[in-house]
Amino acid sequence: MVNVLVVEDSASAESTVRNLRRQGYDAKGVATGTDALKLHQRADLVLLDLELPDIDGLEVCRAIRAAGDTPIITFTSRDAELDRVLALQAGSDDCVVKSTGVREVMARIEAVMRRAHPRSPTAPQSISLRPLHIDGRSREVRLNDRPVEVTSKEFELLYTLASTPERVVSRKELMAKVWECDYTESSRTIDTHVSSLRAKLGSAKWIVTVRGVGYRIGHGRKRSSEVS
(Lines give C-alpha, C1' and ligand atoms only; values in the text may rest on other atoms or scores of the structure.)
Protein backbone atom coordinates (compact mmCIF):
# COMPACT_ATOMS: atom_id res chain seq x y z
CA MET A 1 0.00 0.00 0.00
CA VAL A 2 1.33 3.42 -0.99
CA ASN A 3 1.79 5.78 1.95
CA VAL A 4 0.85 9.37 1.02
CA LEU A 5 1.60 12.42 3.17
CA VAL A 6 -0.84 15.27 2.48
CA VAL A 7 0.47 18.73 3.44
CA GLU A 8 -2.41 21.22 3.33
CA ASP A 9 -4.53 23.33 5.66
CA SER A 10 -6.68 21.13 7.91
CA ALA A 11 -10.01 21.32 6.05
CA SER A 12 -8.52 20.61 2.61
CA ALA A 13 -6.21 17.90 3.98
CA GLU A 14 -9.12 15.99 5.52
CA SER A 15 -10.98 15.90 2.21
CA THR A 16 -7.88 14.84 0.26
CA VAL A 17 -7.05 12.14 2.81
CA ARG A 18 -10.58 10.72 2.57
CA ASN A 19 -10.42 10.61 -1.22
CA LEU A 20 -7.04 8.88 -1.14
CA ARG A 21 -8.21 6.27 1.34
CA ARG A 22 -11.24 5.52 -0.84
CA GLN A 23 -8.80 4.77 -3.65
CA GLY A 24 -6.80 2.36 -1.49
CA TYR A 25 -3.95 4.64 -0.38
CA ASP A 26 -2.66 4.86 3.19
CA ALA A 27 -2.92 8.63 3.69
CA LYS A 28 -2.04 11.00 6.53
CA GLY A 29 -2.59 14.76 6.63
CA VAL A 30 -0.56 17.54 8.24
CA ALA A 31 -1.18 21.29 8.10
CA THR A 32 2.31 22.80 8.40
CA GLY A 33 5.66 22.68 6.69
CA THR A 34 7.30 21.90 10.02
CA ASP A 35 5.29 18.69 10.37
CA ALA A 36 5.94 17.82 6.73
CA LEU A 37 9.69 18.02 7.27
CA LYS A 38 9.37 15.71 10.29
CA LEU A 39 7.26 13.05 8.58
CA HIS A 40 8.08 13.04 4.85
CA GLN A 41 10.68 10.29 5.15
CA ARG A 42 7.93 7.84 6.15
CA ALA A 43 5.95 8.59 3.00
CA ASP A 44 6.08 7.03 -0.47
CA LEU A 45 4.68 10.23 -1.97
CA VAL A 46 4.05 13.79 -0.74
CA LEU A 47 1.16 15.99 -1.83
CA LEU A 48 2.37 19.48 -0.92
CA ASP A 49 0.39 22.71 -0.86
CA LEU A 50 2.74 25.58 -1.70
CA GLU A 51 0.80 27.96 0.56
CA LEU A 52 1.62 26.93 4.12
CA PRO A 53 1.14 28.94 7.33
CA ASP A 54 4.69 28.60 8.68
CA ILE A 55 7.24 27.85 5.92
CA ASP A 56 7.22 28.75 2.24
CA GLY A 57 6.06 25.69 0.31
CA LEU A 58 8.91 25.95 -2.19
CA GLU A 59 11.41 25.77 0.67
CA VAL A 60 9.67 22.66 2.01
CA CYS A 61 9.78 21.15 -1.46
CA ARG A 62 13.50 21.85 -1.79
CA ALA A 63 14.21 20.34 1.62
CA ILE A 64 12.28 17.15 0.87
CA ARG A 65 14.01 16.79 -2.47
CA ALA A 66 17.43 17.39 -0.94
CA ALA A 67 16.74 14.62 1.57
CA GLY A 68 15.92 11.95 -1.01
CA ASP A 69 13.93 10.83 -4.03
CA THR A 70 10.45 10.75 -2.49
CA PRO A 71 7.99 11.74 -5.25
CA ILE A 72 6.37 15.16 -4.72
CA ILE A 73 3.24 16.62 -6.28
CA THR A 74 2.69 20.27 -5.42
CA PHE A 75 -0.57 22.26 -5.35
CA THR A 76 -0.78 25.88 -6.38
CA SER A 77 -3.81 28.16 -6.09
CA ARG A 78 -3.04 29.95 -9.37
CA ASP A 79 -2.97 28.49 -12.85
CA ALA A 80 0.17 30.41 -13.69
CA GLU A 81 3.18 29.17 -15.64
CA LEU A 82 5.63 30.84 -13.24
CA ASP A 83 4.18 28.99 -10.24
CA ARG A 84 4.52 25.64 -12.02
CA VAL A 85 8.06 26.41 -13.19
CA LEU A 86 9.20 27.41 -9.69
CA ALA A 87 7.66 24.25 -8.22
CA LEU A 88 9.37 22.01 -10.75
CA GLN A 89 12.67 23.79 -10.24
CA ALA A 90 12.31 23.26 -6.50
CA GLY A 91 12.14 19.49 -7.05
CA SER A 92 8.45 18.79 -7.54
CA ASP A 93 7.66 15.88 -9.88
CA ASP A 94 4.36 17.47 -10.89
CA CYS A 95 2.39 20.60 -10.11
CA VAL A 96 -1.40 20.94 -10.26
CA VAL A 97 -3.91 23.68 -9.57
CA LYS A 98 -5.90 23.25 -6.34
CA SER A 99 -9.17 23.27 -8.25
CA THR A 100 -8.14 20.16 -10.21
CA GLY A 101 -10.68 17.36 -9.94
CA VAL A 102 -10.16 14.28 -7.79
CA ARG A 103 -9.91 11.87 -10.72
CA GLU A 104 -7.17 13.90 -12.39
CA VAL A 105 -5.23 14.15 -9.14
CA MET A 106 -5.45 10.37 -8.70
CA ALA A 107 -4.29 9.86 -12.29
CA ARG A 108 -1.34 12.18 -11.72
CA ILE A 109 -0.41 10.29 -8.54
CA GLU A 110 -0.43 7.01 -10.47
CA ALA A 111 1.67 8.52 -13.26
CA VAL A 112 4.27 9.91 -10.85
CA MET A 113 4.49 6.59 -8.98
CA ARG A 114 4.98 4.70 -12.26
CA ARG A 115 7.87 6.98 -13.15
CA ALA A 116 9.36 6.69 -9.67
CA HIS A 117 9.10 2.89 -9.59
CA PRO A 118 9.22 1.59 -13.16
CA ARG A 119 8.68 -2.10 -13.64
CA SER A 120 11.82 -4.05 -14.39
CA PRO A 121 11.84 -5.41 -17.91
CA THR A 122 11.48 -9.15 -18.20
CA ALA A 123 14.88 -10.78 -18.46
CA PRO A 124 15.52 -12.46 -21.84
CA GLN A 125 14.97 -16.20 -21.70
CA SER A 126 16.72 -19.11 -23.34
CA ILE A 127 14.66 -20.92 -25.97
CA SER A 128 15.35 -24.53 -26.92
CA LEU A 129 13.83 -25.93 -30.11
CA ARG A 130 16.02 -28.98 -30.43
CA PRO A 131 18.42 -29.02 -32.07
CA LEU A 132 18.17 -25.21 -32.25
CA HIS A 133 19.05 -23.30 -29.07
CA ILE A 134 18.67 -19.51 -28.70
CA ASP A 135 20.13 -17.87 -25.58
CA GLY A 136 18.42 -14.54 -24.88
CA ARG A 137 21.00 -13.50 -22.28
CA SER A 138 24.21 -14.14 -24.21
CA ARG A 139 22.45 -13.58 -27.56
CA GLU A 140 24.02 -16.79 -28.86
CA VAL A 141 22.48 -19.18 -31.37
CA ARG A 142 23.53 -22.84 -31.47
CA LEU A 143 22.42 -25.54 -33.89
CA ASN A 144 23.39 -29.15 -33.15
CA ASP A 145 25.62 -27.73 -30.36
CA ARG A 146 27.55 -25.62 -32.86
CA PRO A 147 27.51 -21.81 -32.73
CA VAL A 148 25.77 -19.94 -35.54
CA GLU A 149 27.14 -16.46 -36.20
CA VAL A 150 24.23 -14.02 -36.61
CA THR A 151 23.95 -10.25 -36.69
CA SER A 152 22.09 -8.31 -34.02
CA LYS A 153 18.97 -7.88 -36.15
CA GLU A 154 19.08 -11.49 -37.30
CA PHE A 155 19.15 -12.57 -33.66
CA GLU A 156 16.22 -10.33 -32.74
CA LEU A 157 14.22 -11.60 -35.70
CA LEU A 158 14.90 -15.23 -34.83
CA TYR A 159 14.25 -14.66 -31.12
CA THR A 160 10.95 -12.89 -31.83
CA LEU A 161 9.71 -15.80 -33.93
CA ALA A 162 10.95 -18.45 -31.49
CA SER A 163 9.35 -16.69 -28.50
CA THR A 164 5.90 -17.68 -29.79
CA PRO A 165 6.55 -20.94 -31.68
CA GLU A 166 2.88 -21.73 -32.34
CA ARG A 167 1.97 -18.27 -33.61
CA VAL A 168 2.45 -16.62 -36.98
CA VAL A 169 4.07 -13.19 -36.62
CA SER A 170 2.98 -10.66 -39.21
CA ARG A 171 5.51 -8.73 -41.28
CA LYS A 172 4.16 -5.48 -39.83
CA GLU A 173 4.69 -6.75 -36.27
CA LEU A 174 8.23 -7.89 -37.07
CA MET A 175 9.11 -4.48 -38.49
CA ALA A 176 7.71 -2.79 -35.37
CA LYS A 177 9.45 -5.11 -32.87
CA VAL A 178 12.79 -5.68 -34.55
CA TRP A 179 13.34 -2.50 -36.55
CA GLU A 180 10.99 -0.17 -34.66
CA CYS A 181 9.50 1.23 -37.82
CA ASP A 182 6.46 0.78 -40.03
CA TYR A 183 6.38 -2.21 -42.35
CA THR A 184 5.77 -0.08 -45.43
CA GLU A 185 8.98 1.87 -44.87
CA SER A 186 11.27 -1.05 -45.71
CA SER A 187 9.38 -4.21 -46.58
CA ARG A 188 12.37 -5.85 -48.26
CA THR A 189 14.39 -5.68 -45.03
CA ILE A 190 12.60 -8.72 -43.59
CA ASP A 191 13.09 -10.76 -46.77
CA THR A 192 16.82 -10.07 -46.75
CA HIS A 193 17.27 -11.07 -43.11
CA VAL A 194 15.08 -14.16 -43.41
CA SER A 195 17.08 -15.31 -46.43
CA SER A 196 20.34 -14.78 -44.56
CA LEU A 197 19.12 -16.67 -41.49
CA ARG A 198 17.90 -19.60 -43.57
CA ALA A 199 21.32 -19.85 -45.19
CA LYS A 200 23.12 -19.74 -41.85
CA LEU A 201 20.79 -22.34 -40.31
CA GLY A 202 21.24 -24.56 -43.34
CA SER A 203 17.54 -24.97 -44.06
CA ALA A 204 14.51 -22.95 -45.06
CA LYS A 205 12.41 -25.09 -42.73
CA TRP A 206 13.47 -23.18 -39.62
CA ILE A 207 11.70 -20.00 -40.73
CA VAL A 208 8.41 -20.77 -42.43
CA THR A 209 6.55 -18.29 -44.63
CA VAL A 210 2.77 -18.18 -44.19
CA ARG A 211 1.44 -16.63 -47.36
CA GLY A 212 -0.30 -13.31 -46.96
CA VAL A 213 0.37 -13.21 -43.20
CA GLY A 214 3.99 -13.39 -42.11
CA TYR A 215 6.39 -15.92 -40.61
CA ARG A 216 6.60 -18.49 -37.87
CA ILE A 217 9.48 -20.49 -36.45
CA GLY A 218 9.81 -23.94 -38.01
CA HIS A 219 10.06 -27.37 -36.40
CA GLY A 220 12.19 -29.12 -38.97
CA ARG A 221 9.36 -30.05 -41.31
CA LYS A 222 6.89 -28.32 -43.62
CA ARG A 223 3.15 -28.23 -43.25
CA SER A 224 0.95 -28.50 -46.31
CA SER A 225 -0.71 -25.10 -45.68
CA GLU A 226 2.60 -23.26 -45.65
CA VAL A 227 5.26 -22.45 -48.20
CA SER A 228 8.87 -21.93 -47.09
Side-chain angles (χ1 to χ4, degrees), residues 2 44-45 68-73 88 91-95 103-104 106-228:
V2 177
D44 299 309
L45 179 140
D69 297 324
T70 303
I72 307 168
I73 297 178
L88 294 171
S92 178
D93 294 279
D94 198 357
C95 182
R103 285 184 296 182
E104 182 177 342
M106 295 302 163
R108 287 176 179 271
I109 289 173
E110 292 173 5
V112 167
M113 292 305 294
R114 284 196 300 270
R115 293 196 297 268
H117 303 286
R119 294 181 179 180
S120 300
T122 303
Q125 302 296 312
S126 294
I127 301 171
S128 184
L129 302 170
R130 295 181 181 179
L132 180 64
H133 182 79
I134 307 165
D135 193 324
R137 295 181 178 84
S138 65
R139 298 176 68 85
E140 181 182 49
V141 178
R142 300 184 71 85
L143 181 62
N144 294 315
D145 292 327
R146 295 180 179 179
V148 179
E149 297 297 327
V150 296
T151 67
S152 176
K153 290 302 182 185
E154 287 171 351
F155 179 88
E156 291 173 21
L157 173 59
L158 186 63
Y159 188 87
T160 298
L161 294 173
S163 296
T164 54
E166 300 303 322
R167 187 171 75 87
V168 178
V169 184
S170 71
R171 294 168 68 89
K172 183 175 182 179
E173 184 178 348
L174 285 171
M175 288 302 299
K177 286 187 174 181
V178 179
W179 286 273
E180 298 182 351
C181 65
D182 188 84
Y183 158 60
T184 57
E185 293 181 18
S186 183
S187 60
R188 296 295 298 174
T189 299
I190 297 177
D191 298 331
T192 301
H193 283 75
V194 166
S195 177
S196 177
L197 273 172
R198 284 171 170 168
K200 291 179 178 181
L201 295 173
S203 172
K205 297 178 183 179
W206 281 113
I207 300 179
V208 179
T209 302
V210 181
R211 290 193 182 200
V213 183
Y215 297 91
R216 72 165 182 83
I217 196 73
H219 295 278
R221 63 181 184 277
K222 296 180 183 179
R223 295 180 181 179
S224 59
S225 61
E226 299 163 350
V227 178
S228 54

Task: Step-by-step side chain to side chain contact (heavy atoms under 4.5 Å, CB included) determination, Leu158 to Val150 - done: CA-CA 10 Å; Leu158 186 63; Val150 296; 5.5 Å; no

Atom [atom1] in [X], atom [atom2] in [Y]: separation rounded to 0.5 Å?
X	Y	atom1	atom2	answer
Gln125	Asp135	CD	CG	10.0 Å
Asp94	Ile109	CG	CD1	10.0 Å
Ser126	Glu140	OG	CD	9.5 Å
Arg167	Leu161	CZ	CG	9.5 Å
Leu197	Ile190	CG	CD1	12.0 Å
Met113	Asp44	CE	CG	5.5 Å

Open item on the list: Are Ser152 and Arg139 packed together at the side-chain level, in the sense that at least one heavy-atom pair is separated by less than 4.5 angstrom?
Closed with: yes

Task: Sub-4.5 Å side-chain heavy-atom contact between Ser163 and Ile127 - done: yes

Open item on the list: Strictly distance-based, threshold 3.5 Å: is any side-chain N or O of Asp93 a donor or acceptor partner for the main-chain N or O of Ile73?
Closed with: no

Open item on the list: I'd like to know if the side chain of Arg198 reaches the main chain of Ile207, judged simply by a donor and an acceptor atom lying under 3.5 Å from each other, with no hydrogens or angles considered.
Closed with: yes

Heavy-atom closest pair, residues [X] and [Y]:
X	Y	result
Ile72	Gly91	CD1-O, 4.1 Å
Gly136	Phe155	CA-CZ, 4.1 Å
Arg108	Cys95	NH1-O, 4.4 Å

Open item on the list: Working note: Tyr159 + Val178, criterion side chain to side chain contact (heavy atoms under 4.5 Å, CB included); need CA distance, chi angles, decisive distance, verdict.
Closed with: CA-CA 10 Å; Tyr159 188 87; Val178 179; over 6 Å; no

Task: Sole candidate of Val208, Val213, Ile217 that passes side chain to side chain contact (heavy atoms under 4.5 Å, CB included) when paired with Val168 - done: Val213

Task: Check ion pair Glu156-Lys177 (N to O, under 4.0 angstrom) - done: no

- [ ] Give the C-alpha distance, both sets of side-chain angles, the deciding distance and a yes or no for side chain to side chain contact (heavy atoms under 4.5 Å, CB included) between Lys153 and Thr192.
- [x] CA-CA 11 Å; Lys153 290 302 182 185; Thr192 301; over 6 Å; no

Task: Evaluation steps, side chain to side chain contact (heavy atoms under 4.5 Å, CB included), between Tyr215 and Arg171 - done: CA-CA 7 Å; Tyr215 297 91; Arg171 294 168 68 89; 3.1 Å; yes

